[in-house]
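Before any comments, here is the structure.
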Amino acid sequence: MKTGKELEDMAYEMRKDVLRMAYHSGKKGAHLGGSLSAIELLAVLYGEIMHYNPKEPLWEGRDRFIMSKAHGAMALYAALKQAGFLSEADIAGALDGTSPYYEHPQRNEEKGIEISGGSLGQGLSLSVGMGLAMQKKRNGQSKIYVMLGDGECNEGAVWEAAASAIHFGLKQIVILVDVNGLQYGGPTEKILRAGSLKDRWSGMGFSVLETDGHNVRKIREALLLQTDAPKVILAHTVKGKGVSFAENRVEWHSAFLTEALYGQAMEELGACRK
Amino acid sequence: MQTLSRKTARMWSRLGQRGTICGVALPEMLEERSDCYILTADLGTTSGLSRVMQQQPERFVNVGIAEQNLIGVAAGLAFEGNVVFATTFATFLTMRGYEQIRHNLGYQKANVKLIGSAAGFAMGMFGNSHYSYEDIAIMRSIPNMMVISPADAGEAYLAAYMALEHDGPVYIRLSGGLNAPVVYTEPYAFAPGRAVWLREGKDVALIATGGMTADALEAAKRLEADGIQAAVLHMHTIKPLDTDALYACSGYGLVVTIEEHSVIGGLGSAAAEYFMEQERKPRQIRIGIQDTFVRPGGHAYVRQENGLDAAGISQRVKAAVSEGV
Amino acid sequence: MQEITRKNARIWSMLGMRRTVGILLKEFAKEDRAFVFATADMARYMGAEDFSETFPDQFVDVGIAEQNLIGVAAGMQKEGFHVFAGTYATFLTARALDQIRVSLGYMKLGVKLIGISGGLSDGNFSPTHMALEDIADMRAIPNLTVISPADGAELVKAMYALRAHPGPAYLRLTGRANTPVVYTQEYDFAIGRAVCLREGRDVALIAAGTMAAAALNVAEELCKSGISCKVMNMHTIKPLDEAALDAIEEFGLAVTMEEHMRAGGLGSAVAEYMAQKEKRPVQLMLAVEDVYPQSAEYEQLLESCGLTVSQMTERILKKCRELGLLPETTANCRIKGERK
Amino acid sequence: MMQKEQVVEMAKRMRLKALDLAYAAGKTGAHLGGALSAVEILAALYGGVARVDAKDPGKEERDRILIGKAHCVLAYYTALYEIGYLTEEELNMFEQDGAFLTGHPQKDVCRGIEYAGGSLGMALSVGAGMALHAKRRAKEQRVYVLLGDGECEEGAVWESMLFASKYRLDNLIAIIDRNHLQSDGSTLAVAGLDRLSEKAEAFGWKAVCVDGHDVGQLMEAYCAGTDGRPLAVIADTVKGKGVSFMENDPSWHHAELNEELYRKARREVEEEDGACRR
């Protein structure tokens, strides 16, 4: 088991990688905000919770990670580097226009990327299918961790899938909602406030946990907790976390990191570590 | 409503097609008409609707990331006598709510205008999930739907006003991003279903739609240098198709359709459907995306890789002309 | 393994394609433990009402939730199952279009989609239940194979072929119960290879789905006017059999026949390919003319769309007259090697 | 507007007429089960609370009634007939060649049909759009949308739920005909979408559960206060209600009614007295 400090170090490395990728992607800009909010969640998953083997990427008994909010791609790539699926060179070249690691990930199981993404609201249905497959194959060991955005929960397709995950009793599915409170159009609460997200998930029949999505210890705790029904973790996060000028700023959903800002961001990260 | 001039053309080109419709045309329309609504699925600010959101909050609706509901709510408002514009990225707009479009707009003729932004490869690095190159095919197959793909921002502006006046569903497919090339710099007659001859030439007719029209014009210039006289026909309306203009092409030995869309089901297919039923007809080549998901990259890069720029078009036409003779 | 015999052909015809498909689904489930049938509340309409009891482990019903159907089917396929997913053609293809695009087209997960009530056959339930844009929609998505079998026997053939086919596909079922029979004995079926049902030299009739049987009848009618028709069963609409189309370059007229909107269907696919050729016949597209027909019984719908055998015969005759293709004598329209 | 007792009578006439029409449709068959479950729901709505006027069908202030579960046409058309939108002659043309009363309704505001049906999961969004229009124009009208319980499995329904809640559309009323059966069997077995009221509340709606064959309860529920929230009336019903051999049998979702069964069914409904009145 890793110490909290080790996981935090890992998150730190990942955040740096994300900034690097964003910077190298150039003027096109990159999805910085939603990648930075998901860092700790991915660090705990890949650093400690999930079972996988980069030398045998297709190992049947592996845990699956499904990045449904695919604009978190850079966070995923950074995690896959920590996990040993991607190399330093892969990260250095990602998003540069010629690398196969695009702005939205494209399915490549050899490299640990389970599904293609970019069109929201589809990952949970895929997870239900995978969960059913495991149920039918009596594969009781693998878990499926699926990450949704809070804005993504506007999609009706998410609720179709949610109802069926409960109906089929798929306890191997663990849903992590990156509740960073911001979507493309503005604050999620403002765009589509309807009851609370927690009520909606529990109304559908899930066991819902809420946690601080930047606290590795609390994330670990939530992931390890046994629940009666399939589990949803509402991880409260900050969009753009760790970079002062991007935090809670909707325009950093996808934006261009200039050299000056890149320098500033890296500096801030470093300062935080000390 | 403003008129097209050198000045507005330049200004709007900077805003791009989406910026011109959402930031210029729609705010004007909502000001002028109290029965006009604009809806989006989480792309208010991104689409350039900030002005509308501030000035007309009562007739701006953001349904969140829920495209099926976008179409349904738009139809409900339309059934109550309003003219409703609905906008988001072309691929999610047309595909995610496709059956709702079919049922409410096609079958029940709800007076909704769909504005699909960033069609083709305009989403650049966002990749295949965000590219839209099946939208013409799927929108064209729905009865009662008008399908328009403007050449530049000025034409997008005119198309939006036409849609406002037209009683029935319209899909406006927007190409390109900011700083798009200008095709029209002065007022001209824009009418749905009436194609525009932009250039004359006796050897080959290039029939282009959307942002590709500017490239077709550029390609025609290059071909001229090689001694090939290419005419350019801008087919801004793909449905209903201007068959008179196509008939006028039947004297050519070769026509080339050009679109930032799959070669299946789009402008090329619509033209082929027409030509094949005629006795006298030219040979037709379809330039478009070759029925495949592509390697993503910047907009210009992907277009170039797929032969969808002036260089690619002129090469292809040159080869076809020389092999045809 | 189902065999094509006169008797079986009769049974399949009686059941219609949508119930015949149930027989195959059960057979596949028995033979292949990794086979899964997934549906959105439509098992009962697909001759599979007992499927869930017989093969509970190989059955998934997601309820009335077509978008989820595609996601679940794709997820299972990804984990190594062989998934066939079926419901009404129009809901399957239209409601879940983006899901099909991403999971099947883009990710190439080899789910096989089965759309029942393709075309006009359930038109008494109103245009909502008519699938008239499905070929256009599915054909536009890269990597999808699109098949519309001519009759029950060909459905059987297509199902076997699809089981062995690794990529994603859309299988469109047309007609009601008592579908006309085209095949009563074994024949070679391969995805992407059209079948010539009748040789001829003047007019080529190109049809898919139950229209193939109608095309044979039309050919027989036209024969009375001395017109010799070749009949091609273009069961695979994508990928299109280009070689088969190359063989009709010299014909005076090619007629495409389909229960689908004119835009984007079989006729459109043929036009796309033929338009680039130096030599090609004139094409007549017999299809639904870009309107939603009024709700009615199947036969009446065919009539209101101009797609009955006699109407199509008339339209072709008229075209032949315009093109000067009518022969002087009505004798000798049959040519060697044709099959009836 | 009618009193409760009159509505009960109306419901009975509707049920009988529905059987007549199904019988007349002959071998084609008709959607019976889901129509009979919705008879009281629609009687209480059209007869009891809705402000609609067949003499002035296009009146702007009318309540809008949209039918999502369009396979209930036999109850729908008979209700429209009862309150004068349709003549007997028109009604009797049901599913005949060239008739406008088809297996799923086609939009025809003059005859009280606000929205075409046949594809599930769409009407609530459209109703929400209409309700939003009324709100923004400060109009009084309410929008009622009838949904099936199976229909609620469509994700599009939940998108509309979120939307209506956000815009506080308290003039929008979703009525869910909870007859517990769908095409492939019981709703619980097929998709397990249970505890609908809890889910509706979680999505920001006010939910009220009633006996869907009790017109008194229904009429009261339609007018329930909601504190600014949209209202979901979950009406517990029996598919095929009123005809013993159809009740709770999914095969009567769509089926042919032969003469013998028709007579039996009619007799049962005629003899039924006040069981629905309570």
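We name chains A, B, ... by the order of the sequence lines, and we start the count at 1 in each one.
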More than 12 heavy atoms of other groups within 6.0 Å of A:K218 NZ: no
If you count heavy-atom pairs within less than 4.5 Å of chain D, which of A:G203, A:S164, A:G156 leads? A:G156
State, yes or no, whether a side-chain contact exists between A:M204 and D:F203 at a heavy-atom distance under 4.5 Å. yes
If you count the non-hydrogen atoms of other residues, nucleotides and ligands that lie under 6.0 Å from NZ in A:K198, is the total more than 12? no
Within this structure, what is the OG-NZ distance for the pair A:S202 and D:K199, rounded to the nearest 0.5 Å? 10.0 Å
Do the side chains of D:D194 and A:H167 get nearer than 4.5 Å, heavy atoms only? no
Report yes if some heavy atom in the side chain of D:E153 is under 4.5 Å from a heavy atom in the side chain of A:E160; otherwise report no. no
Rounded distance (nearest 0.5 Å) linking atom CD of D:E198 with atom CG of A:D199: 10.0 Å
Side-chain heavy atoms of A:W159 within contact of D:L162, under 4.5 Å: yes
Measure D:V190 against the heavy atoms of chain A and call it side chain, backbone, both or neither at under 4.5 Å. backbone
Quick check: are there more than 12 heavy atoms from other residues, nucleotides or ligands sitting under 6.0 Å from CD of D:E220? no
Using a cut-off of under 4.5 Å for heavy-atom pairs, which of D:E154, D:R168, D:R195 has the most such pairs with chain A? D:E154
